[in-house]
Amino acid sequence: MKVIVPIDVTDTVLDATNIPVTGLSAWDVGTTYAAGNQVYKEGVSGKPFQLVYESVISSNTGIDPESDDGTNWIEIGATDQYAAFDRKISNTVERATEITYTIAAPSQLTGIAFFGLEAESLTIEVRDTGAQVIYSTTRDLVDSSEIVDWFTFFTWDPEFDTETIFTSVPAYTGYEVDITISAPAGTAKIGQIVLGQLVNLGDTLSGTEIGIEDFSTKDRDQFGNAIIVERPFAQTVDFFFKIPTGDGRRVQRTLSKLRALPSVYFAGEDMEEFGTMVFGFFQDFSIPLDHGGTSFATLEIEGLI
């Protein structure tokens, strides 16, 4: 079992992208904004990305949206350029043919995970400080697992993986990571990209459980007719894994740092097809220590939407 400890993608980390900040300008202290006007601001405290605000009053002049209490400005979310890094999988980025990002690694990046994908392929290249390509890989996202015989081969409707992960990425401080999400015949989409340091927690065991938490409402009226309101759902994974007892303090220390930081948890590189990769936060973990040398731990993860 492993976790990607994510980095913040700020304006100094996002070196380039083909996603524009469409129809928005930076907030200006001397400009008067009407109700409904939107602006963006960089360097907002506690937010690593460009943040969009909308004016809720007329003649809005000189009021900083960052320090406003919601009376004059409301926070909308990240700009399109940073939506893939805002920790909201449902806030997707779309562009015809392909989406590209260039990341300037602020620290060692050994894992990259993708969620909410709609594309045919995904390419990652790493360039060292001398601009030499030292790592390049392309992954086909077509999911052909439903093809089991000749009949399904000819009747299969192509589907694509919506999430995937790259491990052992050799990106060190100062290196650049090029990401290309390709859909040559249509529209490329991405919900979230998470980059960071890969940390091993232990060995995943049988008994690990996957599921969802559904936020839809299901009720009945006075006549018994079903009233269903479809809403988003979150992935859940309850990991069961083993560690050397001597690693108990290390694992506890690692998880304590992640208690309020959404991260990518997964069972292992060879278990991606089992649906055990989730981007979220842990609800609870426990490690009953065994003096025999091996301890068995549980970790409950609730995914982000």
Side-chain angles (χ1 to χ4, degrees), residues 2-21 48-50 78-87 89 91-144 160-200 263-264 266 268-273 277 279:
K2 299 181 180 180
V3 59
I4 295 178
V5 181
I7 63 164
D8 286 335
V9 177
T10 65
D11 57 335
T12 58
V13 174
L14 182 56
D15 205 27
T17 179
N18 66 347
I19 302 297
V21 183
F49 40 77
Q50 293 172 340
T79 62
D80 288 344
Q81 283 191 344
Y82 286 83
F85 310 99
D86 66 354
R87 297 170 185 165
I89 297 174
N91 188 18
T92 58
V93 180
E94 302 181 12
R95 194 175 192 275
T97 308
E98 70 176 21
I99 297 171
T100 63
Y101 297 100
T102 297
I103 302 296
S107 58
Q108 188 176 32
L109 305 178
T110 53
I112 307 177
F114 298 81
F115 299 87
L117 275 167
E118 285 190 32
E120 294 182 22
S121 65
L122 185 56
T123 300
I124 294 180
E125 285 191 350
V126 177
R127 288 177 281 118
D128 63 16
T129 53
Q132 297 296 310
V133 176
I134 62 167
Y135 174 89
S136 180
T137 184
T138 297
R139 183 170 297 174
D140 187 351
L141 298 175
V142 177
D143 181 3
S144 58
F160 302 91
D161 289 329
T162 58
E163 58 186 44
T164 192
I165 189 169
F166 293 79
T167 58
S168 302
V169 178
Y172 302 95
T173 304
Y175 286 23
E176 289 197 329
V177 180
D178 292 327
I179 298 170
T180 303
I181 303 166
S182 299
T187 300
K189 298 181 182 180
I190 180 63
Q192 198 67 193
I193 303 174
V194 185
L195 311 95
Q197 178 70 38
L198 201 64
V199 177
N200 184 55
S263 305
V264 177
F266 64 106
E269 292 88 343
D270 58 344
M271 301 177 70
E272 186 177 346
E273 70 274 17
M277 184 173 75
F279 177 43

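Side-chain atoms are counted along with the backbone in the values below, which use heavy atoms only and exclude waters and symmetry mates. All residue numbers in this chain count up from 1 along the given sequence.
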Rounded to the nearest 0.5 Å, how far does [atom2] of [Y] lie from [atom1] of [X]?
| X | Y | atom1 | atom2 | value |
| --- | --- | --- | --- | --- |
| Glu120 | Phe160 | CD | CZ | 5.0 Å |
| Leu117 | Lys189 | CG | NZ | 12.0 Å |
| Gln81 | Ile19 | CD | CD1 | 8.5 Å |
| Ile7 | Gln108 | CD1 | CD | 12.0 Å |
| Asp11 | Tyr82 | CG | OH | 5.0 Å |
| Ile112 | Ile4 | CD1 | CD1 | 8.0 Å |

>> Set out, in order, the CA-CA distance, both residues' side-chain angles and the distance that settles side-chain contact (heavy atoms from CB on, under 4.5 Å) for Tyr101 and Ile190, then state yes or no.
In response: CA-CA 12 Å; Tyr101 297 100; Ile190 180 63; 4.2 Å; yes
Give the minimum heavy-atom separation between [X] and [Y], together with the two atoms involved.
| X | Y | answer |
| --- | --- | --- |
| Val177 | Ala171 | CG2-CB, 3.7 Å |
| Thr138 | Ser121 | CG2-CB, 4.2 Å |
| Pro170 | Val126 | O-CG1, 3.6 Å |
| Ile181 | Ala119 | CG2-CB, 3.5 Å |
| Pro48 | Asp8 | CB-CB, 3.6 Å |
| Asp15 | Glu176 | OD2-OE2, 2.5 Å |

> Is it the case that Asn91 and Gln192 place a side-chain donor and acceptor less than 3.5 Å from each other?
Replying inline: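 No, no side-chain donor-acceptor pair sits under 3.5 Å.
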> Does a donor on one side chain and an acceptor on the other come within less than 3.5 Å for Thr12 and Thr10?
Replying inline: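 A donor-acceptor contact under 3.5 Å links the two side chains.
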Would a distance-only check, ignoring hydrogens and angles, find a side-chain to backbone donor-acceptor pair under 3.5 Å from [X] to [Y]?
| X | Y | value |
| --- | --- | --- |
| Asn18 | Thr100 | yes |
| Glu98 | Pro184 | no |
| Arg139 | Ile165 | yes |
| Thr180 | Thr123 | no |

> Can Leu122 and Ile179 be said to form a side-chain contact (heavy atoms from CB on, under 4.5 Å), step by step?
Replying inline: CA-CA 7 Å; Leu122 185 56; Ile179 298 170; 4.2 Å; yes
> Which of these passes side chain to side chain contact (heavy atoms under 4.5 Å, CB included) with Lys2: Val264, Leu198, Thr167?
Replying inline: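 Per the side chain to side chain contact (heavy atoms under 4.5 Å, CB included) rule, the option paired with Lys2 is Leu198, out of Val264, Leu198, Thr167.
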> Of Leu14, Thr79, Asp86, which meets side chain to side chain contact (heavy atoms under 4.5 Å, CB included) against Gln50?
Replying inline: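 Among the candidates, only Thr79 passes.
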> Stepwise, does the side-chain contact (heavy atoms from CB on, under 4.5 Å) test hold for Tyr175 with Thr129?
Replying inline: CA-CA 5 Å; Tyr175 286 23; Thr129 53; 4.0 Å; yes
> Taking the side chain as C-beta and beyond, is there a heavy-atom pair between Leu195 and Phe85 under 4.5 Å?
Replying inline: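 Yes, close enough: below the 4.5 Å cut-off.
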>> Measuring only between side-chain heavy atoms, which start at C-beta, is Tyr135 closer than 4.5 Å to Ile124?
In response: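 The answer is yes, as the side chains (C-beta and beyond) meet within the 4.5 Å cut-off.
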> Can you name the residues that form a salt bridge (Lys or Arg N to Asp or Glu O under 4.0 Å) with Glu163, not counting sequence neighbours?
Replying inline: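 Residues passing salt bridge (Lys or Arg N to Asp or Glu O under 4.0 Å) with Glu163: none at all.
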